[in-house]
Amino acid sequence: MSIIIDGKQCAADIRTELRTTIEERRQSGRTVPGLALLLVGNNPASEVYVGSKDKACKEIGMNSTIVRMPESASEEEILRMIDGWNHDDAVHGILVQLPLPKHINEMNVIMAISPDKDVDGFHPVNVGRLVIGLDGFAPCTPAGIVELLKRYSIETSGKHVVVVGRSNIVGKPMANLMYQKYTGMNAIVTVCHTGTDDISFYTRQADILIMAVGVPHLITPQDVKPGVVVIDVGMNRLEDTSKKSGYRLVGDVDFQSVATVASAITPVPGGVGPMTIAMLLSNTMKSLERKESNR
Ligand code: GUN
């Protein structure tokens, strides 16, 4: 039987560590970190995500504010809001929830955020820093996965990591982190994507398999090597009339069957998901610390 990697517990541990740090800061009269969240439009999933991020900040004593703009907001209005936060000393992290309405150029918005406050790690300056191994902000989901592997003492050095998915938010930064010459990384990396003919050929060679494609139950036991470590980033809704919501969340991996052959595996929900918000909080704390030490 495999180890179930408990992301919920790891995330709770990180939040407790941060709460202690922030409490100590508050008691000694030092600056407390602040996160500004921008939500444009009425995407129901984005509403939930932004609400969870705001709540997580408040629970650890971090300052946070949500600004909501209508679907009709112009790019100029969004850029003006970001510019204000870039110059606001009480704001250490800026997060614009994606996706944005179709008429807004997402890259223009991302590039308007100061790289020093870009706690999502989406600004090209932070992407470049990550690739060449400089200190900066790594996107929260990949950073959370590195943290999970570390906290479970899973060896990555010299191991073959197969990443399935090449999104800017998960796949690309994940692959670029895993081959860095640092402790907790230093892996051999293969990236599979929609242009890969026989994904199973590659996934069967993985020591660590990271799935981020959004296809429910794509991976079954015949697609993995016995003893593999499986990290499932998938968050897919499957209709389930026995649930009050009418659906249940499943990953890109068929958890029940793959858990019988893997050495360790993340569940969905309760695996990678909770780590994303924990790393957002951690990046916001880091932003304040970098500012104080002029890094
Ligand atoms: N939309 C989906 N995931 C994310 C994320 O990590 N950050 C932001 N800003 N938007 C998202």
Side-chain angles (χ1 to χ4, degrees), residues 7 11 14 34-57 62 64-69 71 73 75 78-79 81-82 85-86 91-102 104-127 130 136-148 163 165-177 210-214 231-237 249 251-252 268-269 271-284 286-287:
I14 292 168
L35 177 65
L37 299 146
L38 181 59
L39 176 59
V40 186
N42 313 303
N43 181 320
S46 293
E47 280 275 358
V48 173
Y49 288 136
V50 168
S52 306
K53 289 168 186 178
D54 180 55
K55 186 163 160 258
C57 287
M62 187 177 278
S64 65
T65 177
I66 305 179
V67 168
R68 289 183 171 79
M69 285 187 177
E71 186 81 17
E75 195 169 304
I78 295 173
L79 297 185
M81 180 60 64
I82 292 172
W85 284 335
N86 282 342
V91 172
H92 306 97
I94 299 171
L95 184 143
V96 178
Q97 188 65 29
L98 304 177
L100 288 168
K102 295 253 178 310
I104 309 287
N105 181 323
E106 257 177 27
M107 205 26 92
N108 283 350
V109 171
I110 288 170
M111 290 202 293
I113 299 171
S114 162
D116 292 330
K117 298 190 180 188
D118 167 40
V119 286
D120 256 330
F122 294 165
H123 192 290
V125 165
N126 283 314
V127 176
L130 185 153
F137 297 108
C140 301
T141 301
I145 291 169
V146 170
E147 195 62 32
L148 275 181
V163 179
R166 59 173 157 188
S167 69
N168 290 345
I169 294 182
V170 183
K172 279 182 201 154
M174 189 75 245
N176 280 284
L177 274 174
I210 303 177
M211 291 300 303
V213 285
I231 305 292
D232 192 352
V233 188
M235 293 256 267
N236 310 297
R237 286 182 179 191
L249 274 186
D252 294 347
V268 176
V272 174
M275 292 299 286
T276 300
I277 294 187
M279 298 318 288
L280 173 67
L281 303 173
S282 171
N283 273 352
T284 307
K286 179 180 176 180
S287 173

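Whatever order the structure lists them in is the order used to number ligands and atoms, beginning at 1. All residue numbers refer to positions in the sequence shown, counting from 1.
- Formation of a donor-acceptor pair under 3.5 Å by the K286 side chain with backbone atoms of F137 is not found in this model.
- The proximity of D120 to ligand 1, defined as any non-hydrogen pair under 4.0 Å, is limited to the side chain.
- Nearest protein heavy-atom neighbour of atom 11 (C) of ligand 1: Q97 NE2, 3.4 Å.
- Of the protein's heavy atoms, L98 O, 2.9 Å lies nearest to atom 1 (N) of ligand 1.
- By the 4.5 Å heavy-atom criterion applied to side chains, N236 and D252 are counted as neighbours.
- Ligand 1 is never approached by Y49 to a heavy-atom distance shorter than 4.0 Å.
- I169 CD1, 4.1 Å is the protein heavy atom nearest to atom 3 (N) of ligand 1.
- Contact annotation: the side chain of K55 never approaches that of S52 to less than 4.5 Å [non-hydrogen atoms, C-beta and beyond].
- When heavy-atom distances to ligand 1 are checked against a 4.0 Å cut-off, V96 comes that close only through its backbone atoms N, CA, C and O.
- I78 is listed as a side-chain neighbour of V40, based on a closest heavy-atom distance under 4.5 Å.
- Here is the list of ligand 1 atoms found below 4.0 Å of a heavy atom in L95: 9 (N).
- In this structure, I14 and M275 approach most closely via the heavy-atom pair CD1-CE, 3.6 Å.
- Of all non-hydrogen atoms in P139 and P142, the two that sit nearest each other are O-CD, 3.3 Å.
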